[in-house]
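Just so it is clear, the structure is predicted and the values come from calculations on it, not from any experiment.
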Amino acid sequence: MPLAALLLALLAIPAAAHQYKAGSIELRHPWTRATPPGAAVAVVYVEIVNNGDKADRLVSISSPLAEAGGIHETKMDGDVMQMRRVEGGLEIPPGATVALKPGGIHGMLTKLKQSFVLDSTVKASFVFEKAGTIEVELVVEKIGAASSEER
């Protein structure tokens with residue numbers, strides 16, 4: 001059993017600077033926005049690449065700094081922007097890249113235990129049906145940032 005745990009740990013180590021990999025799934029540039037003091041929610045963004053020949057499914061996102069997490073989608077309904085939970089997880093087709101980004105599908109962390117501070121990192125976990133759990137560090141960008149490279 002200890003050997004299996006070691007192998008799983010090695011599979012989940014960062015593939016490169018700010019990239020993480022487990023099985024056929026690669027996470028690129030996971031990030032979040034800074035939150036004002038007392039904020040109850042934070043968003044999570046990342047590019048998910050499925051390098052395999054079978055679909056996988058992102059089933060949850062969590063962080064030790066939040067009591068709950070989930071996957072949400074923002075859509076326009078006429079003139080009203082609505083956000084709803086993505087039930088059953090998010091399919092990542094084989095050979096595809098799926099972006100969790102502002103204005104679309106994104107992760108949501110709720111009941112924050114502390115504020116997210118600009119230029120720090122926040123630990124988070126992405127759980128996939130096949131690839132398993134990928135532990136990451138979310139880079140905290142400025143409030144209102146549209147991308148992980150905006151300063």
Side-chain angles (χ1 to χ4, degrees), residues 8-9 11-52 54-77 80-151:
L8 279 174
L11 286 174
I13 60 175
H18 213 65
Q19 294 184 10
Y20 303 84
K21 184 172 172 47
S24 64
I25 297 295
E26 181 180 346
L27 300 179
R28 295 181 181 163
H29 311 295
W31 65 284
T32 187
R33 293 180 178 138
T35 58
V41 299
V43 290
V44 176
Y45 306 115
V46 68
E47 189 173 87
I48 304 169
V49 181
N50 183 347
N51 294 307
K54 291 185 171 65
D56 204 338
R57 183 172 296 280
L58 174 63
V59 293
S60 70
I61 300 171
S62 63
S63 171
L65 297 183
E67 287 185 27
I71 305 160
H72 288 80
E73 182 175 26
T74 304
K75 280 191 168 182
M76 291 299 291
D77 184 9
V80 179
M81 185 174 289
Q82 296 185 338
M83 186 171 41
R84 65 180 174 90
R85 186 175 196 87
V86 175
E87 298 297 335
L90 177 64
E91 182 172 322
I92 315 298
T97 299
V98 176
L100 276 59
K101 60 185 180 180
I105 295 174
H106 57 278
M108 182 73 72
L109 299 174
T110 59
K111 298 183 182 175
L112 299 182
K113 298 176 182 177
Q114 68 184 59
S115 298
F116 292 0
V117 179
L118 178 65
D119 293 329
S120 67
T121 59
V122 172
K123 292 186 183 302
S125 301
F126 289 76
V127 179
F128 293 85
E129 275 183 352
K130 295 183 177 84
T133 301
I134 304 176
E135 303 289 338
V136 305
E137 288 192 352
L138 305 169
V139 172
V140 181
E141 300 290 352
K142 70 180 182 179
I143 293 175
S147 76
S148 65
E149 297 173 6
E150 184 178 312
R151 288 284 168 177

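- Using a 4.5 Å heavy-atom cutoff, the side chains of V117 and V140 are not in contact.
- For S62 (side chain) and G69 (main-chain N/O), no donor-acceptor pair under 3.5 Å exists by modelled atom type.
- For the atom pair H72 NE2 and I105 CD1, the distance stands at 12.0 Å (nearest 0.5 Å).
- Here the straight-line distance linking atom NZ of K142 with atom CG of D119 works out to 11.0 Å at 0.5 Å rounding.
- One distance of note links OG1 of T121 with CG of L138; it measures 8.5 Å at 0.5 Å rounding.
- Judged purely by distance below 3.5 Å, without hydrogens or angles, the side chains of S24 and N50 pair a donor atom with an acceptor atom.
- A pairwise comparison of heavy atoms in E26 and N51 identifies OE1-ND2, 3.4 Å as the closest pair.
- Taking 4.5 Å as the limit, some side-chain heavy atom of V43 sits within range of a side-chain heavy atom of M108.
- No donor-acceptor pair closer than 3.5 Å links the side chain of K123 to the backbone N or O of E135.
- For the pair E137 and P30, the minimum side-chain heavy-atom distance is 4.5 Å or more.
- The aromatic rings of F126 and F128 lie parallel to each other, their planes meeting at an angle below 30°, with 60° marking the opposite boundary.
- In terms of heavy-atom proximity, T35 sits nearest to S115 at OG1-CA, 3.3 Å.
- When all heavy atoms of A34 and I143 are compared, the closest pair comes out as O-CG1, 3.1 Å.
- Side chain of T110 to backbone of V41: no donor-acceptor contact under 3.5 angstrom is found.
- Note that the OG1 atom of T97 and the CZ atom of R28 stand 6.0 Å from one another [nearest 0.5 Å].
- Taking 4.5 Å as the limit, some side-chain heavy atom of L100 sits within range of a side-chain heavy atom of L58.
- Nearest heavy-atom pair, I25 versus A131, reported as atom, atom and distance to 0.1 Å: CG1-CB, 3.7 Å.
- Going from atom CD1 of I61 over to atom NE2 of H106 covers 9.5 Å, rounded to the nearest 0.5 Å.
- Between T74 and M83, some side-chain heavy-atom pair lies under the 4.5 Å cut-off.
- Aromatic ring orientation, W31 versus Y45: tilted (interplanar angle from 30° to 60°).
- In terms of modelled atom types and a separation under 3.5 Å, the side chain of K111 and the main chain of K113 share no donor-acceptor contact.
- Distance check, rounded to the nearest 0.5 Å: CD1 of I48 to CD1 of I92 gives 4.0 Å.
- You'll find the side chain of K75 stays beyond 4.5 Å of the side chain of Q82, heavy atoms only.
- Taking every heavy atom of both residues into account, L112 and A66 meet most closely at CD2-CB, 3.9 Å.
- Contact annotation: the side chain of L109 never approaches that of L65 to less than 4.5 Å [non-hydrogen atoms, C-beta and beyond].
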Under the salt bridge (Lys or Arg N to Asp or Glu O under 4.0 Å) rule, what do R84 and E73 come out as? Steps first, then yes or no, please. CA-CA 5 Å; R84 65 180 174 90; E73 182 175 26; 2.8 Å; yes
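- Residue pairs meeting the salt bridge (Lys or Arg N to Asp or Glu O under 4.0 Å) criterion with at least one member in residues 91-103, sequence neighbours excluded: R57-E91.
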